[in-house]
Amino acid sequence: MIGFIRKKWRQICVLLAALCIGTIVGGCHIIPISDSSSKKGVSSIIGVSQANMREEWRMALIDELKAETEKNDDIQIITADATGIVNKQIQDIDNLIGYGIDLLIISPCNEKKLQDKIKEVYDSGIPVIVMDRAVEGFDYTIYIGPDNEVIGQQAGTYIAELLGENGGNVVVLSSRPTSIQGAERLSGFRSAIYEAGGINLTELSLVAETKDAAYDTVLAAKGIVKNSDVIFAYSDNMALGVCDAVRELGLEDQVKVVDCDGFKGEDEGIDLVSEGRLKATVSCPIGGKEAIDYALSILNHESGVPKQVILRSNVIVKENVAENLARINAKSNDDGRKIKVGYSQVGQESNWRLANTKSIEESAADFNIDLHMENADQSQEKQFEAIRSFIKEGVDVIVVSPVVETGWDEVLREVKAAGIPVIMSDRNVRLENNEENLTTTYLGADFMEEGRRAMRWIRDNIQSDDHEMKIMEIMGNEGASPTEERGKGFREILAENTSYNITYSDYGDFTFEGGKKVVREYLKRHEWDIDIIFSHNDDMALGAIEELKKNGIKPDEDVKIVSVDATIEAFEAMVRGELSCAVECNPIIGPQLMKAVRDLISGKQMPFRIITDEKIYDQSVAEDYISKRRY
Ligand code: GYE
């Protein structure tokens with residue numbers, strides 16, 4: 001009964017708000033309401049707080065959200081335009097909550113300044129989907145967005161290939177971009193062009209990121225443009241202006257235009273590519289479809305909702321327009337049939353791995369997946385064998401957690417030739433030539449961020465006034481993606497802090513014995529002079545602790561120890577006062593993985609990366625959490 005009254009009351013509120021469009025009440029703007037507010041019998045209301053409705057792609061997001069909402073009878077959305085003002089966006093969120101929303105979708109105009117508000121909403125129990133700009137930390141339900149740096153890089157790489165070995169002259173429409181997206185695309189573009197080498201880059205400064213400004217700038221710089229091979233613009237809007245100007249100058253046959261956005265619709269990127277006016281457009285997925293999809297999963301309390309979804313962007317050229325449009329418009333269809341999955345697992349090196357294997361095996365059954373898992377005992381050769389046997393068996397999907405990052409190209413090409421899609425789970429691969437489409441998506445942790453977090457914690461908690469702090473790094477196995485990236489992320493923050501230095505670094509292969517060995521070897525040649533140990537996982541940290549104690553060195557007193565994974569054993573060591581801090585790496589990825597498998601088979605566009613939820617714990621909170629740990 002109470003639920004019924006609440007629902008009715010909310011519908012009245014929504015209706016009232018709808019009547020008040022554009023009016024001002026109590027000094028604050030009433031929120032414009034989407035068309036879907038008139039739906040009857042709706043069970044959930046989604047509030048959408050948009051940073052502004054000036055930028056083209058932000059309006060496209062609202063349109064996509066509305067279109068997706070229309071397809072579902074039991075949800076409706078209310079939208080609010082913050083007009084680019086932080087305080088207005090905070091007020092909008094309060095208003096939306098006042099209307100009784102069940103879930104908030106926010107595209108923040110300033111991710112730093114809105115972080116606390118987002119956390120407040122999330123902590124109050126209302127799920128929050130953050131779009132487009134990731135806020136720091138994990139105090140939201142899920143983040144969905146593109147990787148604009150990668151989008152720019154894809155454009156740069158495409159142009160470099162187009163020009164071939166001889167290179168050429170490229171003009172980029174630059175400006176101090178008013179949008180962060182623009183800035184990131186430009187930076188990704190520049191780095192790809194410089195990496196390719198042999199290309200002369202001329203930057204033309206724009207007064208605004210608009211079609212007219214692009215048109216005027218190209219005409220004004222006709223001397224430069226006449227000598228160029230390609231013009232790059234980082235949005236569809238600007239690209240249209242460039243195309244018009246190039247036509248005006250009679251240079252259509254000589255100067256090729258490439259851009260980012262790849263929207264569909266008249267005079268947008270895909271349209272211009274089909275007409276041959278644009279040579280290529282790199283699509284920037286808007287994410288509205290995915291947001292409503294995940295909103296439904298969250299509202300239905302389904303399992304398998306990850307923490308971050310980084311959307312896929314594609315290089316669209318004339319030859320693949322039809323294929324891309326088909327993918328964009330594709331209707332996903334899961335008939336619930338049993339799916340056969342071949343999984344090549346790394347081994348059994350750590351407690352993390354055991355928990356990971358268990359999670360994958362347990363959730364396969366829940367998602368009606370027939371799982372065939374092969375354990376590779378840390379051998380890439382064995383992984384190749386397993387993958388080839390999966391091809392023979394004719395599985396529907398192959399999932400690989402690769403022991404090392406490189407050397408996968410050949411076997412993955414074989415899988416592709418057999419028409420079997422591949423998902424990378426927990427660890428990723430690095431392919432020669434960045435060959436696209438050999439894998440569909442990566443699901444796992446953000447290892448770089450884990451490394452950064454470890455060093456941030458050290459910076460904030462372990463200081464000395466009188467000497468430079470010596471750090472020992474105990475790495476995982478050589479060439480594994482968590483080893484590489486944790487090391488990189490850690491060093492990124494380390495570089496900003498001159499009072500710390502990594503003075504010793506060795507591989508411990510992610511095992512307890514490996515951690516012991518690194519400390520033992522060090523002690524053979526040195527007096528103990530290390531202030532901090534950064535261990536790439538808990539097992540190695542625990543091994544190191546045992547070896548330190550054997551040698552009369554007191555963990556946490558004589559040396560602080562920080563590790564990654566945050567397994568129960570790490571919590572026990574924190575409670576005993578031996579381990580100082582554990583950065584979480586979540587092994588419970590079974591449900592997200594199985595959801596991704598089902599999505600893949602049902603025809604959904606796979607994102608680039610699906611990232612799991614993670615936190616950081618130290619001795620001050622270990623006791624409170626230990627009983628709740630699931631691994
Ligand atoms: O941190 C470590 C394991 O790939 C994330 O591998 C995984 C790592 C994990 O053995 O304990």
Side-chain angles (χ1 to χ4, degrees), residues 57 145-206 209 214 217-218 221 224-225 227-243 246 254-263 268-270 272-273 277-285 310-321 324 428 430-439 448 607-609:
W57 65 272
D147 187 330
N148 278 292
E149 183 88 20
V150 168
I151 292 176
Q153 266 167 19
Q154 284 175 297
T157 309
Y158 171 79
I159 291 174
E161 277 165 17
L162 190 70
L163 293 172
E165 278 184 3
N166 296 334
N169 296 327
V170 175
V171 173
V172 50
L173 294 194
S174 167
S175 73
R176 213 172 304 124
T178 46
S179 68
I180 304 168
Q181 292 69 27
E184 287 173 349
R185 286 178 191 181
L186 204 52
S187 119
F189 174 76
R190 284 187 187 125
S191 68
I193 291 288
Y194 291 133
E195 200 175 308
I199 295 173
N200 281 325
L201 201 62
T202 309
E203 306 215 355
L204 292 183
S205 200
L206 283 186
E209 292 176 38
T217 310
V218 172
I224 298 172
V225 172
N227 283 323
S228 65
D229 304 295
V230 182
I231 301 184
F232 170 66
Y234 50 76
S235 75
D236 277 355
N237 239 338
M238 291 194 272
L240 184 58
V242 175
C243 289
V246 167
Q254 178 205 316
V255 181
K256 300 181 173 66
V257 186
V258 174
D259 88 336
C260 304
D261 267 356
F263 293 144
E268 301 287 2
I270 299 187
L272 296 175
V273 170
R277 300 189 69 196
L278 264 187
K279 187 71 186 161
T281 180
V282 183
S283 65
C284 172
I310 312 298
L311 301 166
R312 179 170 295 276
S313 42
N314 299 301
V315 179
I316 304 178
V317 291
K318 205 165 190 171
E319 295 71 36
N320 65 22
V321 162
N324 273 285
N428 212 345
R430 201 146 35 88
L431 301 169
E432 290 162 24
N433 315 323
N434 285 328
E435 199 168 332
E436 279 184 28
N437 302 329
L438 285 186
T439 64
M448 277 276 271
F608 265 137
R609 297 194 296 276

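Everything numeric here is computed off the predicted structure, so don't read it as measured data. Numbering of residues begins at 1 and proceeds along the displayed sequence.
The closest side-chain heavy-atom distance from I316 to V321 is below 4.5 Å. When side chains are defined from C-beta on, L173 counts as touching V218, because their heavy atoms get closer than 4.5 Å. For the pair S191 and Q153, the minimum side-chain heavy-atom distance is below 4.5 Å. Looking only at side-chain heavy atoms (C-beta outward), C243 and L278 come within less than 4.5 Å of each other. A 4.5 Å side-chain heavy-atom check between V170 and L163 finds at least one atom pair inside the cut-off.
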> Do T281 and L272 pass the side-chain contact (heavy atoms from CB on, under 4.5 Å) test, and can you show the C-alpha distance, the side-chain angles, and the key distance before you say yes or no?
Replying inline: CA-CA 9 Å; T281 180; L272 296 175; over 6 Å; no
>> Quick one, V225 with S228, criterion side-chain contact (heavy atoms from CB on, under 4.5 Å). Give me CA distance, side-chain angles, the key distance, then yes/no.
In response: CA-CA 5 Å; V225 172; S228 65; 4.3 Å; yes
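Applying the side-chain hydrogen bond (donor to acceptor under 3.5 Å, both in side chains) rule to N428 yields no partners; only residues at least two apart in sequence or on another chain are considered. Considering only residues two or more places apart in sequence or on other chains, E149 meets the side-chain hydrogen bond (donor to acceptor under 3.5 Å, both in side chains) condition with S187. Shown here are the side-chain hydrogen bond (donor to acceptor under 3.5 Å, both in side chains) partners of D147, two or more places apart in sequence or in another chain: R609. Evaluation of the salt bridge (charged side-chain N to carboxylate O under 4.0 Å, His left out) rule for D236 yields no partner, not counting sequence neighbours.
I151 CD1 to C284 SG: the interatomic distance, rounded to the nearest 0.5 Å, is 4.0 Å. Within the model, atoms CZ of F263 and CG of N237 stand 9.0 Å from one another, a figure rounded to the nearest 0.5 Å. Here the CG atom belonging to L204 is positioned 8.5 Å from the OG atom belonging to S174, to the nearest 0.5 angstrom. Interatomic distance, S235 OG to D261 CG, rounded to the nearest 0.5 Å: 5.5 Å.
The side chain to side chain contact (heavy atoms under 4.5 Å, CB included) test with K256 is passed by exactly one of I159, D229, L162: L162.
When all heavy atoms of P146 and I310 are compared, the closest pair comes out as C-CG2, 4.2 Å. Taking every heavy atom of both residues into account, K279 and V317 meet most closely at O-CG1, 3.8 Å. In plain terms, the two heavy atoms of N148 and R185 that are nearest each other are OD1-NE, 2.8 Å. Nearest heavy-atom pair across A239 and D259 is CB-OD2, 3.3 Å. Among all heavy-atom pairs drawn from V315 and Y158, the shortest one is CG1-CD1, 3.8 Å.
Within the 3.5 Å criterion, the main-chain N or O of S313 finds a donor-acceptor partner in the side chain of Q154.
Identified under the salt bridge (charged side-chain N to carboxylate O under 4.0 Å, His left out) test for residues 157-169, with sequence neighbours left out: none.
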For residues 192-202, please give each side-chain donor-acceptor pair under 3.5 Å, one per line with the distance, not counting sequence neighbours.
unit_1, atom_1, unit_2, atom_2, d
N200, ND2, N169, OD1, 3.0

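Ring-centre distance between Y234 and F189: not below the 6.0 Å cut-off.
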